[in-house]
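Scroll down for the structure; my scribbles are underneath it.
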Amino acid sequence: MAHRNKHHGNKFSKDNSMQSHENTKPVEAPEELEAEEVDPQDIEEVANDEPEAEKNSEACEDIEKEVIDLKEQLEKEKKEYLFLMAEFDNFRKRTLKEKSEIIKNAGENVLKGLLPIMDDFERGIKAAESTPDSDSIKEGVNLIYNKLKKYLNQNGVKEIDPADDTFDTEKHEAISVVPVPDEEKKGKILDTVEKGYTINDKVLRHAKVVVGQ
């Protein structure tokens, strides 16, 4: 009986041990965290962040300096431009004034040169009143005329050639047209009523002529 109990007890103990072994499962170890892989290039970039920042800072400083230099240069050129404009305006005013004075003085000089000829005319008139000799009066008038003509030539004033009988609208003004039987006389100058003059090869006064038709 005791042997049965012992066997039964062993069996029970064995069963309990097996049951205990079955109910006890091994505890699985938690999965280990995988280490994050680091790219060597990222490490290099991080290492180079500070020099790159310094480069950017230096580049910004260079740009700011260049902007300041350009502003200073622009201001300088602006002042020079305004100075040149002022100088040009003064030059223009001075030139206009000088030109006006030259024209004025030229007119004065021309008129001043005529005064001696006026004196000659006055002396000729007085001489004509006191002498009956017409030949001496005629000679005196011719002298004054030649003197005046010479003075005009010296100032660029010349007669339009009265011997040229070809009518030219640039030099002549037809005040009358006369029918002519000769074909060769048509379009030709028949008579000069008033002489024409040029000054420095420019027409000062057109010659008034009679033209054949």
Side-chain angles (χ1 to χ4, degrees), residues 74-213:
L74 179 62
E75 189 67 23
K76 179 181 178 182
E77 292 181 354
K78 182 179 179 181
K79 290 180 180 179
E80 291 178 354
Y81 171 77
L82 293 175
F83 176 77
L84 290 174
M85 287 297 296
E87 284 292 315
F88 176 76
D89 188 58
N90 292 334
F91 171 76
R92 183 179 60 83
K93 291 178 180 179
R94 185 168 60 251
T95 302
L96 290 174
K97 183 179 179 181
E98 291 175 355
K99 184 178 180 181
S100 177
E101 290 178 353
I102 288 172
I103 294 174
K104 182 180 178 181
N105 292 334
E108 290 179 356
N109 291 332
V110 170
L111 295 176
K112 185 177 180 180
L114 289 174
L115 297 180
I117 299 174
M118 285 293 297
D119 296 337
D120 290 341
F121 270 116
E122 290 177 355
R123 284 192 289 267
I125 291 171
K126 289 181 180 180
E129 291 175 353
S130 60
T131 179
D133 189 358
S134 60
D135 291 337
S136 60
I137 295 174
K138 183 179 179 180
E139 183 180 358
V141 171
N142 285 330
L143 289 174
I144 296 172
Y145 170 76
N146 291 328
K147 186 175 183 179
L148 177 59
K149 186 175 181 179
K150 181 179 179 181
Y151 174 75
L152 292 175
N153 287 334
Q154 289 174 348
N155 287 273
V157 179
K158 297 180 180 180
E159 291 182 8
I160 293 176
D161 187 5
D164 184 8
D165 62 350
T166 302
F167 180 74
D168 184 357
T169 55
E170 296 293 330
K171 300 177 181 180
H172 306 106
E173 178 184 352
I175 60 174
S176 179
V177 178
V178 179
V180 289
D182 191 352
E183 291 291 331
E184 294 182 357
K185 294 291 185 179
K186 291 184 178 181
K188 299 292 184 178
I189 297 174
L190 303 179
D191 186 25
T192 300
V193 179
E194 188 176 86
K195 289 182 179 181
Y197 291 89
T198 61
I199 179 169
N200 299 323
D201 297 328
K202 180 182 178 181
V203 175
L204 182 63
R205 186 179 75 180
H206 291 79
K208 295 180 179 180
V209 297
V210 177
V211 183
Q213 184 179 22

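Quick note: residue numbers are just sequence positions, from 1.
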For the [atom1] atom of [X] and the [atom2] atom of [Y], what is their distance to the nearest 0.5 Å?
| X | Y | atom1 | atom2 | answer |
| --- | --- | --- | --- | --- |
| Asp191 | Lys208 | CG | NZ | 13.5 Å |
| Leu84 | Glu77 | CG | CD | 11.0 Å |
| Asn153 | Leu148 | CG | CG | 9.5 Å |
| Lys97 | Thr95 | NZ | OG1 | 12.0 Å |
| Tyr81 | Lys78 | OH | NZ | 11.0 Å |
| Asp164 | Lys171 | CG | NZ | 6.5 Å |

Heavy-atom side-chain proximity of [X] to [Y] below 4.5 angstrom:
| X | Y | result |
| --- | --- | --- |
| Ile160 | Lys195 | no |
| Tyr151 | Leu114 | yes |
| Asn155 | Val110 | yes |
| Asp120 | Lys147 | yes |
| His206 | Glu194 | no |
| Val203 | Glu170 | no |
| Glu87 | Phe91 | no |
| Ile199 | Val157 | yes |

Salt-bridged, [X] to [Y], with N to O below 4.0 Å?
| X | Y | value |
| --- | --- | --- |
| Lys186 | Glu183 | yes |
| Asp135 | Lys138 | no |
| Lys93 | Asp89 | yes |

Does [X], at its [atom1] atom, have more than 12 non-hydrogen atoms belonging to other residues, nucleotides or ligands within less than 6.0 Å?
| X | atom1 | value |
| --- | --- | --- |
| Asn146 | CG | yes |
| Glu80 | CD | yes |
| Glu159 | CD | yes |

Heavy-atom closest pair (Gly187 atom, Phe167 atom, distance to 0.1 Å) is O-CB, 3.5 Å
Return the minimal non-hydrogen interatomic distance between Gly196 and Ala207, and the atom names on each side. N-CB, 3.5 Å
Would Val178 and Val211 count as a side chain to side chain contact (heavy atoms under 4.5 Å, CB included) here? Give the steps. CA-CA 6 Å; Val178 179; Val211 183; over 6 Å; no
Evaluate Ile189 against Val210 for side chain to side chain contact (heavy atoms under 4.5 Å, CB included), listing each step before the verdict. CA-CA 6 Å; Ile189 297 174; Val210 177; over 6 Å; no
Would Tyr145 and Ile117 count as a side chain to side chain contact (heavy atoms under 4.5 Å, CB included) here? Give the steps. CA-CA 9 Å; Tyr145 170 76; Ile117 299 174; over 6 Å; no
Show your reasoning for whether side chain to side chain contact (heavy atoms under 4.5 Å, CB included) applies to Val209 and Glu173. CA-CA 6 Å; Val209 297; Glu173 178 184 352; over 6 Å; no
